[in-house]
**Student:** 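Below you will find the structure I want to go over with you.
All ligand and atom numbering here is 1-based and tracks the order in the structure.
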Amino acid sequence: MTETYGILAHPAKHSLSPAMHNAAFKALKINADFKYFDIKPEDLKKFILKVRKEKIKGLSVSSPHKESIIKYLDKINKTAKKINAVNAVKNDRGKLMGTNFDWIGVQNSLLEKTAIKGKIVVVLGAGGAASAAVFAAKKNRAKKIHILNRTVLHARKLAKKYNCKYGGFDDFKDINPDIVIQATSAGMNNLKGVELIPKKYLTKRMVVMEMIYSPLITKIIKDAKAAGAKTITGEKMLLNQGFAAFIYWTKKRHPAKVMERAVYQNLK
Ligand code: NAP
């Protein structure tokens, strides 16, 4: 019988998770189908009942469900609890288990370009993805972490949890970070082209990582490239968290090259 997996999000159609995981299933001859589950927040409870009833094997979880799904799961691990967001669910013989691989996505994407230990890190945003970025920076012993957000109150709340600095985007100019992680949703859908940090504050010595991959070249990536900074675009995080999720679900080694090819073929 074909096993069902899927991306749970709203909207979901921009996601490259189905292309990435279906390519991996095919390469390893796993009889499974990775679907799109575009579920509105008010329909989440009903959807989880369907997951249980239809024995859906695994989910990637994206905005806006990463936090709200927690109360419907049977168990979440320590990491997801600390980050307060779930981005992968496994149906383990009827028990829905939640974890978070976004922090691995951040960590492994950064480590391809820079060390994190001893570095000054700015995280833009204070939602679930930002929390995963701070978790990754902490775990890799960054020297200092600043959380900058549109709503400073949200930054303050997250900073309190991780014991780091916080502020608004205006504070960027006084920090001069080594690493900048763009973890807001400003850059996709109707927020394409939104400027969070003025171009003049991005410099050659920085590594600038973006989480958004649709579009691939966002405003901050364009400006960082123009400044001569090293850049990491959003598909790297998608792939690195996807590799970890694939192993979690299937207990098989992920076919990295196949998954990369599927993502790059489908990128706009
Ligand atoms: P979230 O919890 O909804 O948080 C959204 C964040 O964006 C908040 O900090 C919010 O600020 C900020 N924001 C929204 N609109 C803004 C605007 N117009 N100007 C400035 N800031 C704005 O979302 P999330 O789950 O953390 O996801 C954040 C982004 O990361 C999304 O674009 C998502 O697609 C991306 N992501 C990518 C991957 C990947 O694998 N590549 C994985 C995870 C997430 P306020 O607090 O002021 O509302």
**Student:** Would you please classify the geometry between the W249 ring and the Y5 ring as parallel, tilted or perpendicular, with 30° and 60° separating the classes?
**Tutor:**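 The arrangement is tilted - the two ring planes meet at 30° to 60°.
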**Student:** Is ligand 1 less than 4.0 angstrom away from at least one heavy atom of G105?
**Tutor:**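 G105: no contact with ligand 1 (<4.0 Å).
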**Student:** Return the option from A85, S185, G234 holding the heavy atom at the smallest distance from atom 7 (O) of ligand 1.
**Tutor:**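 Ranked by closest heavy atom to atom 7 (O) of ligand 1, first place is S185.
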**Student:** Can you say whether the rings of Y162 and F135 are parallel (under 30°), tilted (30 to 60°) or perpendicular (over 60°)?
**Tutor:**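 Y162 and F135: perpendicular rings.
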**Student:** Looking only at distances, please establish whether an N/O atom of ligand 1 is found under 3.5 Å from an N/O atom of F169.
**Tutor:**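 For ligand 1, there is no N or O atom that lies under 3.5 Å from one belonging to F169.
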**Student:** Should the proximity of N149 to ligand 1, defined as any heavy atom under 4.0 Å, be assigned to the side chain, the backbone, both, or neither?
**Tutor:**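 It is the side chain that touches ligand 1; the backbone stays farther off.
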**Student:** Consider side chain to side chain contact (heavy atoms under 4.5 Å, CB included). Of E54, K35, K55, which one does T4 pass it with?
**Tutor:**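 The side chain to side chain contact (heavy atoms under 4.5 Å, CB included) with T4 is passed solely by K35 among E54, K35, K55.
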**Student:** Which one of V152, T151, V61, N84 has a non-hydrogen atom at the shortest distance from atom 47 (O) of ligand 1?
**Tutor:**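 Among V152, T151, V61, N84, the closest heavy atom to atom 47 (O) of ligand 1 comes from T151.
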**Student:** So does K66 pair up with D102, basic N to acidic O under 4.0 Å?
**Tutor:**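 Yes.
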**Student:** Examine the proximity of ligand 1 to I212 and report which part, side chain or backbone, both or neither, has a heavy atom under 4.0 Å away.
**Tutor:**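 Side chain only; the backbone of I212 stays clear of ligand 1.
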**Student:** Report the residue from F243, F101, F246 that forms a ring-ring contact (aromatic ring centres under 6.0 Å, His included) with H254.
**Tutor:**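 Going through F243, F101, F246 one by one, the ring-ring contact (aromatic ring centres under 6.0 Å, His included) with H254 is satisfied by F243 alone.
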**Student:** Nearest to atom 44 (C) of ligand 1 by heavy atom, S15, A129, G125: which?
**Tutor:**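 Nearest heavy atom to atom 44 (C) of ligand 1 lies in A129.
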**Student:** Between the side chains of R52 and D74, is the shortest nitrogen-to-carboxylate-oxygen separation below 4.0 Å, so that they form an ion pair?
**Tutor:**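 Salt bridge between D74 and R52, a charged N being under 4.0 Å from a carboxylate O: yes.
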**Student:** Looking at ligand 1, does any of its N/O atoms fall within less than 3.5 Å of an N/O of V194?
**Tutor:**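 Between V194 and ligand 1 (N or O atoms, distance only) the closest approach is not under 3.5 Å.
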**Student:** Nearest to atom 13 (N) of ligand 1 by heavy atom, H14, R150, E210, H154: which?
**Tutor:**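 Minimum heavy-atom distance to atom 13 (N) of ligand 1 goes to R150.
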**Student:** Can you check whether a protein heavy atom sits less than 4.0 angstrom from atom 33 (C) of ligand 1?
**Tutor:**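 Under 4.0 Å from atom 33 (C) of ligand 1, zero protein heavy atoms found.
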**Student:** Would you check, one step at a time, whether the test salt bridge (Lys or Arg N to Asp or Glu O under 4.0 Å) holds for D38 with K13?
**Tutor:** CA-CA 8 Å; D38 188 339; K13 70 172 189 318; over 6 Å; no
**Student:** Among N87, T184, I147, L153, which one has a heavy atom closest to atom 6 (C) of ligand 1?
**Tutor:**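 Checking each option, the heavy atom nearest atom 6 (C) of ligand 1 is found in T184.
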**Student:** What do we get for D102 next to ligand 1 when only non-hydrogen atoms under 4.0 Å count, side chain, backbone, both or neither?
**Tutor:**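 D102 to ligand 1: side-chain contact only, backbone stays beyond 4.0 Å.
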**Student:** Name the option, out of M209, Q241, M211, K66, that contains the heavy atom nearest to atom 43 (C) of ligand 1.
**Tutor:**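 Looking at heavy atoms only, K66 sits closest to atom 43 (C) of ligand 1.
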**Student:** Just let me know how A183 lines up against ligand 1, side chain, backbone, both or neither, with a heavy-atom cut-off below 4.0 Å.
**Tutor:**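 Answer for A183: backbone.
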**Student:** Side chains of L124 and I181: closer than 4.5 Å at any heavy-atom pair?
**Tutor:**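 The answer is no; the side chains never approach within 4.5 Å.
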